[in-house]
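Working notes, structure below.
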Amino acid sequence: MRGAATFAAEFAPENMAYAAVVFATIARGRVTALDIAAATGAPGVVLVLTHENAPRLKPMPLFMTAGKAGGGDDLPILQDAEVHYNGQPIALVLAETLEQAEHAASLIEATYEIDEAVTTLEAGKARGTRTGIAFGQPAHVEIGKPEDELATAAHRFEATYTTPRHNHNAIEPHAVTLYWQDGELYMHDAVQAVNHVAWSVGSVFGLGEDKVHVTSPYVGGGFGSKVLWSHQILAAVAAREAGRPVRLSLSREGVYRTVGGRAQTEQRVALGADAQGRLQALQHTGTVIMSAHNALPEPFILSAQSSYATKSMLLDIQVATLDMLANTFMRAPGEAVGSFGLESAMDELAERLGIDPIELRIRNEPEKDPMKGLPFSSRQVVWCWRTAAERFGWDKRQAPGLRREGEWLVGLGCAMAGYPYQRMPGGAAGITLTADGRAQVSVAAHEMGMGTSTVHTQVAADRLALPMDAIEFRYGDNALPGVVLAGGSQQTASVGSAIIVATRELVKELLQLAGNASPLAGLSADEVGTTHGGLASLADPQRYESYASILSRAGRFELSVVGQAPMPGEGMHWSMHSHGAIFVEARVNAVTGEVRVPRLTGAYDCGRILNPKTATSQLRGGIIMGLGAALMEETQVDPRNGRIMNASLSEYHLPVHLDVPDIEVIFSDIPDPVSPMGARGIGEIGITGVSAAVANAVYNATGKRVRDLPITLDKLL
Amino acid sequence: MALTVNGAPVPVPTDPRVSLLDLLRERLDLTGTKKGCNQGACGACTVLLDGERVLSCLTLAVQADGRSVTTIEGLVEGAMHPLQQAFIEHDGFQCGYCTPGQICSAVAMVEEWRRGSPSNVTQDLADSAIELTHDELRERMSGNLCRCGAHNGIVDAIVATYVTEGAR
């Protein structure tokens with residue numbers, strides 16, 4: 001706001017050197033010669049690091065291969081001459097100034113031996129696919145007899161939907177400022193997983209995670225991308241070799257070369273319905289691209305697992321292995337693009353059946369989780385549909401292609417949004433109460449703009465019955481309690497449940513300290529509550545003593561506790577999801593094919609809303625990213641050499657101010673009975689359903705069905 | 001050779017490759033101005049040069065010789081600029097990284113509008129009093145990208161600060 005927040009690339013240790021990275025320009029092969037003479041001799045150059053002089057390192061532990069593994073890939077970093085993808089780092093230059101480093105990097109000449117590479121989905125399929133392993137399980141689900149049911153269903157619909165690669169494009173490029181001291185590494189990093197980064201970097205260098213200190217107080221957007229990639233390792237190696245602090249701030253192009261995005265998908269959706277539109281078969285199968293060195297086959301089948309009641313189900317993800325930078329998690333991995341296929345297909349089926357698309361979905365509302373068979377903890381899908389439809393004016397929708405205003409064809413569309421509730425193990429929170437009646441709440445959690453610090457200041461103030469300005473929320477540092485990933489829309493539940501436990505611990509300790517002279521004497525922790533900056537008997541609120549009074553009588557300046565969140569058992573017994581219904585007005589220019597979206601309305605059931613202002617912003621942010629995916633976003637790769645062609649913010653188009661309408665977000669605010677605080681995650685659901693709703697609205701406007709994202713004007717002419 | 005940054009004289013760096021952005025961030029420790037793309041596509045580095053908004057990544061420091069630069073840190077002395085206050089009120093930011101650029105850009109954008117400079121969506125170029133409509137405001141701010149999706153809040157903050165009616 002005032003420019004005073006310090007991001008990772010803005011810490012300035014004494015005697016710091018600047019790093020610049022050189023990226024391979026072939027998709028597959030090896031470096032046969034690397035001419036670094038000019039770079040080494042260039043003014044200001046401190047060090048040139050290549051595979052020929054880099055120390056031996058272990059690869060990064062790949063995400064999800066161990067509890068705190070946080071590597072985007074597990075390729076060797078400057079360990080040999082092999083090139084695995086176009087953009088792989090092949091050299092690093094360290095210099096006194098940024099200008100000197102960038103210039104010297106430009107002087108390095110690489111010669112390659114080029115192998116044949118697989119760079120497209122088609123080529124990858126031709127080579128043969130394998131079943132994806134998503135979250136430790138084969139991505140294949142078969143319930144009932146999906147082929148028979150489809151063949152014999154009264155109504156059948158089948159189509160293929162495709163989505164391109166996407167990049168996160170946080171406006172802050174990935175950056176780290178770091179230094180070594182007495183064999184320990186100190187990193188100011190831009191990450192959404194401080195503990196994962198510390199443990200994983202430690203593993204690369206053979207250090208315990210207690211020797212790696214990671215702070216990340218401000219993160220300029222993450223969306224899944226800000227974990228451990230090769231640049232942090234390169235910077236740490238350079239700093240150790242040069243014996244001085246290093247800053248490595250990736251260029252925008254460098255982010256595209258170093259940090260993976262969302263994978264391309266090709267999805268087949270086949271629906272079989274009876275005469276009333278009830279699903280007899282739901283099939284969502286297809287192929288995604290993936291590198292041989294990462295952990296995530298884009299799980300586009302997730303939406304289909306819990307959206308609709310169906311007599312039979314077939315879900316399957318095949319992986320085509322390409323020579324490419326590791327793809328990774330990006331906001332709502334799976335649902336963001338999977339909902340495009342499924343929710344487009346539901347719209348298409350509704351039209352075949354002559355049923356309103358909302359009505360079709362409500363007819364297929366499941367009573368229990370259709371795959372797991374578990375009861376839903378709370379499911380307000382019908383409320384979402386009815387509420388948003390009324391606010392949006394769904395009753396004004398006409399048959400496709402009928403509404404025209406001047407040059408503009410106008411259409412309305414809708415889709416279901418959904419994202420599961422998650423809470424990962426490892427949540428913990430520290431509370432330190434001081435004799436002046438203030439509390440410091442500490443969690444190794446992250447603030448990337450979601451409102452984490454505000455919401456948890458609020459949660460802690462509420463639990464401790466202290467004013468918000470008496471709470472200091474500390475986060476973004478792996479020295480603090482807890483292993484809390486800012487991912488999977490789970491951070492708030494993880495931190496919140498830990499704060500609840502820590503508060504309980506604190507109450508117990510306070511009662512012990514209070515002793516017999518206190519009005520609280522003899523009461524157990526279950527018999528008191530927090531109120532007005534102290535504790536009071538629940539049965540007799542007159543029996544009250546303030547925290548400050550308890551501490552000062554005990555002669556204590558402060559009292560500290562750490563609470564460990566219980567293991568997340570709620571997900572074992574309940575199917576827990578947030579849901580929503582998103583409505584879109586699309587205007588398509590009859591002359592140019594240009595698409596504009598002047599109106600978006602969504603109603604969401606995300607449990608209790610802890611902070612309506614920041615929650616609304618989270619939803620809008622997701623919706624806008626969905627709008628980008630619908631209309632413009634596409635990472636383009638040159639099939640000849642596997643190189644990302646639009647590695648810049650001028651050629652990878654994001655929604656800008658003029659593309660973004662006022663977005664109305666409505667919350668049910670119905671607490672989830674089994675989640676801590678009654679809340680479910682809100683960070684990712686916003687992006688889901690949006691691209692289908694846009695495609696459905698474009699169809700309603702024009703009568704043209706676009707099944708290939710993004711919906712650019714060439715597909716409508 | 002010297003320029004003025006937030007009222008203080010600053011020598012022009014001897015290395016002519018130094019951009020105004022890198023001068024601010026790496027040599028003057030004025031890190032409120034952000035680097036998002038370093039190629040003029042995102043607007044995060046927007047500062048005021050003699051009161052006009054410029055992309056400091058595409059401006060060499062030597063080009064600012066003899067001129068006056070205002071960054072987010074120098075927008076006001078002491079208290080908050082009303083627009084900064086409005087950004088907080090209207091939740092016009094999430095991660096905060098594009099925010100300094102959005103604010104500097106909006107401050108100069110309003111001056112451009114007030115003196116009648118047309119934009120790409122202005123219907124009548126000869127119009128002496130252009131209305132800051134929904135599209136006019138958004139078009140004029142479209143050079144400042146936001147990936148968190150704070151667009152609604154940003155526009156609301158600008159409208160609340162500068163426009164009583166007309167942009168909604």
Side-chain angles (χ1 to χ4, degrees), chain A residues 1-7 9-10 12 18 97-100 102-103 168-173 175 218-223 247 249 251-253 447-451 613-614 616-625 627-628 648-652 654-663 686, chain B residues 15 17-19 22 25-27 29-42 44 71-73 75-76 80-81 84-85 87-88 91 93-101 103 120-121 134-135 137-156 168:
Chain A
M1 194 55 53
R2 299 190 206 211
T6 309
F7 290 78
E10 297 165 0
Y18 290 85
T97 72
L98 181 59
E99 293 76 17
Q100 290 168 337
E102 288 177 348
H103 175 66
H168 310 74
N169 283 313
I171 302 295
E172 177 201 28
Y218 297 97
V219 181
F223 317 115
R247 176 178 301 161
S249 186
S251 64
R252 178 54 57 181
E253 181 193 343
E447 176 64 277
M448 316 186 281
M450 307 88 83
K613 193 186 235 185
T614 54
T616 302
S617 291
Q618 278 297 291
L619 265 294
R620 283 181 177 150
I623 290 168
I624 292 165
M625 208 176 272
L627 188 60
S648 82
L649 291 177
S650 37
E651 288 168 276
Y652 183 110
L654 307 180
V656 302
H657 281 289
L658 194 56
D659 298 315
V660 178
D662 289 339
I663 299 169
Chain B
D15 187 338
R17 296 172 299 191
V18 178
S19 68
D22 289 333
R25 284 176 63 81
E26 306 298 340
R27 292 161 196 244
D29 200 27
L30 289 169
T31 55
T33 306
K34 301 303 181 192
K35 182 184 278 190
C37 71
N38 211 30
Q39 53 191 184
C42 78
T71 70
I72 188 76
E73 293 95 340
L75 210 53
V76 283
M80 286 245 202
H81 190 281
Q84 288 168 323
Q85 195 60 50
F87 263 64
I88 294 172
D91 216 19
F93 64 104
Q94 289 185 32
C95 78
Y97 200 80
C98 76
T99 315
I103 289 175
N120 195 40
V121 300
H134 179 282
D135 280 6
L137 197 164
R138 284 165 169 80
E139 164 62 21
R140 289 165 190 260
M141 288 301 295
S142 283
N144 289 85
L145 301 183
C146 168
R147 185 56 159 169
C148 296
H151 304 79
N152 284 183
I154 293 167
V155 169
D156 288 348
R168 304 296 301 169

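Letters A, B, ... mirror the listed sequences (proteins, then strands); counts begin at 1. Note that this is a predicted model, so its numbers are computed, not measured.
Contacts between B:Q39 and chain A at a heavy-atom distance below 4.5 Å involve the side chain alone, from C-beta outward. Looking at A:L98, only its side chain comes within 4.5 Å of chain B, counting heavy atoms on both sides. Proximity to chain B (any heavy atom under 4.5 Å) is restricted, for A:A170, to the backbone atoms N, CA, C and O. Neither the backbone nor the side chain of B:V76 has a heavy atom closer than 4.5 Å to any heavy atom of chain A. Interface residue A:V219: only backbone heavy atoms are found under 4.5 Å from chain B. If you measure heavy-atom distances from B:R25 to chain A, the contacts under 4.5 Å come from the side chain alone. Neither the backbone nor the side chain of B:R140 comes within less than 4.5 Å of any heavy atom in chain A. Only the side chain of A:T97 comes within less than 4.5 Å of a heavy atom of chain B; its backbone N, CA, C and O stay farther away. Proximity to chain B (any heavy atom under 4.5 Å) is shown, for A:Q100, by both the backbone and the side chain. For chain A, the nearby part of B:D15 is the side chain; its heavy atoms alone come within less than 4.5 Å. Residue A:L658 touches chain B through both its backbone and its side chain, counting heavy-atom pairs closer than 4.5 Å. Residue contact with chain A, scored on non-hydrogen atoms closer than 4.5 Å, involves the side chain of B:T99 exclusively. Proximity to chain B (any heavy atom under 4.5 Å) is shown, for A:S617, by both the backbone and the side chain.
Residue with the most contacts toward chain A among B:C98, B:C37, B:S19: B:C37 (heavy-atom pairs, distance under 4.5 Å). No other option in B:N38, B:T33, B:L145 has as many heavy-atom pairs under 4.5 Å with chain A as B:L145. Interface summary for chain B: among A:P173, A:A9, A:S650, the most heavy-atom pairs under 4.5 angstrom belong to A:P173. Among A:L654, A:I623, A:D659, the residue making the largest number of heavy-atom pairs under 4.5 Å with chain B is A:L654. Among the candidates B:I103, B:I88, B:N144, the residue making the largest number of heavy-atom pairs closer than 4.5 Å to chain A is B:I88. Chosen from A:A12, A:A5, A:S648, A:S251, the residue pairing most often with chain B at heavy-atom distances under 4.5 Å is A:S648.
A salt bridge does not link A:E172 with B:K35: every distance from a Lys NZ or Arg NE/NH1/NH2 to an Asp or Glu carboxylate oxygen is 4.0 Å or more. Taking a cutoff of 4.0 Å between a charged side-chain nitrogen and a carboxylate oxygen, A:K613 and B:D156 do not qualify as a salt bridge. Between B:K34 and A:E10 there is a salt bridge, since a side-chain N of the basic residue sits under 4.0 Å from a carboxylate O of the acidic one.
Considering only heavy atoms from C-beta on, B:E26 comes within 4.5 Å of A:Y18 through its side chain.
Counted by atom type alone, A:R620 and B:N152 present one or more donor-acceptor pairs between their side chains at under 3.5 Å.
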* Taking it one step at a time, do B:Q94 and A:Q618 satisfy side chain to side chain contact (heavy atoms under 4.5 Å, CB included)? -> CA-CA 8 Å; B:Q94 289 185 32; A:Q618 278 297 291; 3.0 Å; yes
